[in-house]
Amino acid sequence: MEAVSAIILAAGLGKRMKSALPKVGHPVLGRPILWHVARAAKAAGISEIVFVLGQGRDRVMGTVAQYDGKVAVQEKQLGTGDAARVGLSAVSRKAREVVVLCGDAPLIRPKTIKALIAARRKANAAAAVLTGILPDPSGYGRVVRNAEGAVGRIVEERDADASIRRIPEVNSGTYAFNRSFLERNLPRLTDVNAQRELYLTDLVILALEEGKVVAPVVAGEPDEVRGINSRRELAEATGILLRAKIDALLDSGVTVVDPGRTYVEAEVEVEPDTVLEPGVALMGATRIGRGVRVQTGCVVENSLVEAGAHLRPYSVLSGARVRKGAIVGPFAHLRPEADIGEGAHIGNFVEVKKSRLGKGSKANHLAYVGDSLVGRKVNIGAGTITCNYDGIAKHTTVIGDGVFVGSDTQFVAPVTIGKGALIGAGATITKDVPPYALALSRAEQKVLPNWVIRKKPELLTKAGLKIPRLPGKAEPK
Ligand code: UD1
Ligand code: CA
C-alpha cells in the first residue's frame, strides 16, 4: 500500500502506569506495546510509519529502528489532535491516505487495519473509525451514531452525560483518513472541552460540516480496541496475546502440554513436533527446531535449539546454540555464545559461556567451560573448570579432539591441549599439553600410618569407633 502511511500516537506519559518508562515502552510478551502496534501496521501492508513520541523517547528507539520509522516529536501533550498534526507533518508527500493508530493498543490485528482502509474507500468517507462494543465501556470515548448509522459524534467520557455514557460502542482511537481532509481540518480543532485538549475525535463534526461521512467499522474481536492505561491492563493484554501465540503454535503442530503454564514471547519460533512441557519460558528471538523436547522449568532466551535436541528440566539458556540431537541439563546454564555441538551432552550444574563444544563431546557434571574451543568427542570430567579470567583479561582454552579430561581439572588459560591427550584427575594445567600425551599435576600423596590413632583419637571416638591398640605400645591403664 504505497499511498497509505501510518501515524502512531505515542507521546502520552501514561501516568497511571506509575513508571519511569514511557507507557508505550512497557513490554507485552517481551516487546514494547508500541512494537505490537507497529508490527500490525507493517503486516497490514503499510510501509511508512511515523511515530509521534514525547518524553522518554530514547527508550523506544529500538522499535522505531526495527520498523524503519520516522519520529515526530510532540513536545507538549496537547491532545490526540495535536499529536496527529505533529505526525502528519512528517508523513511523506505521496501518501494519499493516513491511518492513525493508538500507540497504547497492542491488540490490533493487521486484517482489521486493512478492513478499516477498505471501509473508508468504499464509503468514499472522510474517515473510517474502528469501534468496539464493550461490556464495560467506561473510560473510552463513546460513538454516537446518526440516523443513517454513520458516526454522528464521538464524545469523551469526561464530556459525556449519563445517557451517552450508557452507549456501549466505544472509539478505539484507530482511524483511516483521507489525507487532504486531515490536512485541512487538524488546524481547525479547538480545546473547548473538559480536558482543554485538542481532540482528534472532533474531526467527526468537522467532516459533517464539510458534508462528508465518517464510516464506523465495528471490531470483530472487542479486545482489539483495548488501550493499555494501567499495569492491570498491561497484564490482561499480555494474557490475551500469550494465549493467541500459544494457539498459533498448537495449530502449527507444536505440543504445548499445559498452555496455561507456558510463556512464549512474540517473536519466538517453534517448529512442529516439538513438545513444550509445563513451566517453560521461551523468550526474545529464540528459535526451536523440529522434534525438540523442552522440559519443565527451562528458560530459553535469544537462543537457537536445533532439531531433535532435548532440554532437560530447569536449564537456562541465553544467547546460546544447541545443535542437532544434543542433550542439555537438568540444571544446566548456557550463557551467551555457548555452542553445543551435534549430539553433545551438557549435564547437571554445568555452565558454558562463549565456548564451542564439538560433535559428541560431553561435560556431564559440575563444570565451568568458558572462552573455550573444545573439539569432537572430548570427555570433560566432573568438576572441571576453565580458569579463563586472571582478574584483568579473559583467556582461551583449546582442547583437541578426543581429549579425556579427568575429574577436577583446572585449565589455567591460555592453554592448549593437543588431540588425544589424557589429563589425569585433579590436575592444574598451566602449560600446553602435546597430542597423545598424559599430563599429570599432583602433589605426591603421603601416607602416615596410624596417625589418627596417635594424634587425633577423639575423631574415632566421635565416630563411634573403638580405638585400636597400636603394636608395641602398652595397654592403657
Ligand atoms: C483516546 C480517544 C478516545 C478513545 C481512546 C481509546 C481522544 C480525544 N480520545 O482517549 O475517544 O476511546 O483513546 O483508547 O482522542 N497521545 C499523544 N499526545 C497527546 C495525547 C495522547 O501522543 O497529546 C497518544 C497517547 O500516547 C496514546 C494515544 O494518543 O497512545 C491516546 O491517548 P490517551 O491519552 O490514552 O487518550 P484516551 O483518553 O485514552
Ligand atoms: Ca488510552
Side-chain angles (χ1 to χ4, degrees), residues 6-17 19 21-26 28 32-38 41 50-57 59-60 63 71-90 100-108 127 129-134 136-144 151 153-160 164-165 167-175 177 182 186 189-206 214 216 219 222-230 233-234 237:
I7 299 173
I8 303 181
L9 308 184
L13 292 171
K15 289 202 189 79
R16 279 171 284 170
M17 297 297 283
S19 176
L21 182 66
K23 176 168 79 175
V24 297
H26 281 265
V28 173
I33 296 172
L34 187 61
W35 179 93
H36 293 269
V37 182
V50 174
F51 294 86
V52 179
L53 302 176
Q55 267 174 44
R57 54 188 171 274
R59 308 285 295 266
V60 293
T63 295
V71 173
V73 177
Q74 187 195 28
E75 297 291 354
K76 273 194 185 156
Q77 275 65 70
L78 302 175
T80 50
D82 181 65
R85 181 191 59 75
V86 169
L88 188 61
S89 67
V100 174
L101 295 148
C102 254
D104 67 354
L107 301 178
I108 184 96
V129 183
L130 181 67
T131 74
I133 316 282
L134 297 186
D136 174 15
S138 58
Y140 290 90
R142 304 299 203 283
V143 176
V144 182
V151 181
R153 254 189 316 156
I154 295 173
V155 184
E156 291 309 294
E157 171 138 314
R158 287 204 246 175
D159 302 295
I164 285 178
R165 286 184 187 197
I167 296 173
E169 186 174 13
V170 306
N171 169 27
S172 69
T174 302
Y175 319 82
F177 287 105
L182 202 56
L186 281 176
L189 294 173
T190 62
D191 64 356
V192 189
N193 52 55
Q195 302 181 77
R196 309 270 340 187
E197 285 183 357
L198 299 172
Y199 286 173
L200 187 58
T201 46
D202 285 347
L203 287 178
V204 174
I205 295 165
L206 300 179
V214 174
D223 278 338
E224 275 187 273
V225 311
R226 285 156 73 128
I228 293 178
N229 296 301
S230 63
E233 287 167 352
L234 183 70

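Both counts, for ligands and for their atoms, begin at 1 and track the order of listing. Values below: all heavy atoms of this structure, side chains included; hydrogens, waters and symmetry mates excluded.
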Handout entry: For atom 8 (C) of ligand 1, the option (of Tyr140, Phe51, Tyr175, Tyr199) bearing the nearest heavy atom
Key = Tyr199

Practice task
Would you check if Val214 and Ile154 make a side-chain contact, meaning some heavy-atom pair closer than 4.5 Å?
Solution key: no

Handout entry: Selection from Lys23, Gln77, Gln74 by shortest heavy-atom distance to atom 18 (N) of ligand 1
Key = Gln74

Problem - Which segment of Ser172 sits under 4.0 Å of ligand 1 when only heavy atoms are counted - result: backbone

Handout entry: Euclidean distance, Arg226 CZ relative to Leu134 CG, rounded to 0.5 Å
Key = 8.0 Å

Handout entry: Sub-4.0 Å atoms of ligand 1 with respect to non-hydrogen atoms of Gly141
Key = 3 (C), 4 (C), 11 (O), 12 (O)

Fill in the blank from the handout: Logged contact type for Ala11 with ligand 1, heavy-atom cut-off 4.0 Å, is both

Exercise for the section: Looking only at non-hydrogen atoms, find the nearest pair between Leu186 and Leu203 and report the distance. Expected result: CD2-CD1, 4.0 Å

Problem - Proximal ligand 1 atoms for Ala83, defined as those under 4.0 Å from one of its heavy atoms - result: 17 (C), 18 (N), 22 (O)

Exercise for the section: Say whether, by atom type as modelled, one donor and one acceptor occur between the side chain of Glu197 and the main chain of Ala194 under 3.5 angstrom. Expected result: no

Problem - Main-chain N/O of Glu169 paired with Thr131 side-chain donor or acceptor, under 3.5 Å - result: no

Problem - ligand 1 N/O within reach of Val52 N/O, cut-off under 3.5 Å - result: no

Exercise for the section: Output the list of atoms in ligand 1 that are nearer than 4.0 Å to some heavy atom of Thr201, sorted by atom number. Expected result: 7 (C), 8 (C), 11 (O), 15 (O)

Problem - Sub-3.5 Å N/O-N/O distance, Ile154 and ligand 1 - result: no

Problem - Ligand-residue contact atoms, ligand 1 with Cys102, heavy atoms, under 4.0 Å - result: 28 (C), 31 (C)

Exercise for the section: Would you please determine whether Ala105 falls within less than 4.0 Å of ligand 1 on a heavy-atom basis? Expected result: no

Exercise for the section: Look only at the side chain of Glu157 and the backbone of Gly139, and say whether a donor-acceptor pair between them is shorter than 3.5 Å. Expected result: yes

Handout entry: Thr190 side, atom OG1; Arg196 side, atom CZ - distance, nearest 0.5 Å
Key = 9.0 Å

Practice task
Measure from atom 3 (C) of ligand 1 to every heavy atom in Arg226, Glu157, Glu156 and give the option owning the shortest one.
Solution key: Glu156

Problem - Under 3.5 Å: N/O of Thr80 near N/O of ligand 1 - result: yes

Problem - Any donor-acceptor pair under 3.5 Å from Arg165 side chain to Ala160 backbone - result: yes

Handout entry: Donor-acceptor contact present, side-chain Asp202 to main-chain Leu206, <3.5 Å
Key = no

Problem - ligand 1 contact on Leu78 by region, counting heavy-atom pairs under 4.0 Å - result: backbone

Practice task
Just jot down the ligand 1 atoms closer than 4.0 angstrom to any heavy atom of Gly12, in number order.
Solution key: 16 (N), 17 (C), 22 (O), 25 (C), 26 (O)

Exercise for the section: Could you point out which residue of Asn229, Leu13, Leu234 forms a side-chain contact (heavy atoms from CB on, under 4.5 Å) with Lys23? Expected result: Asn229

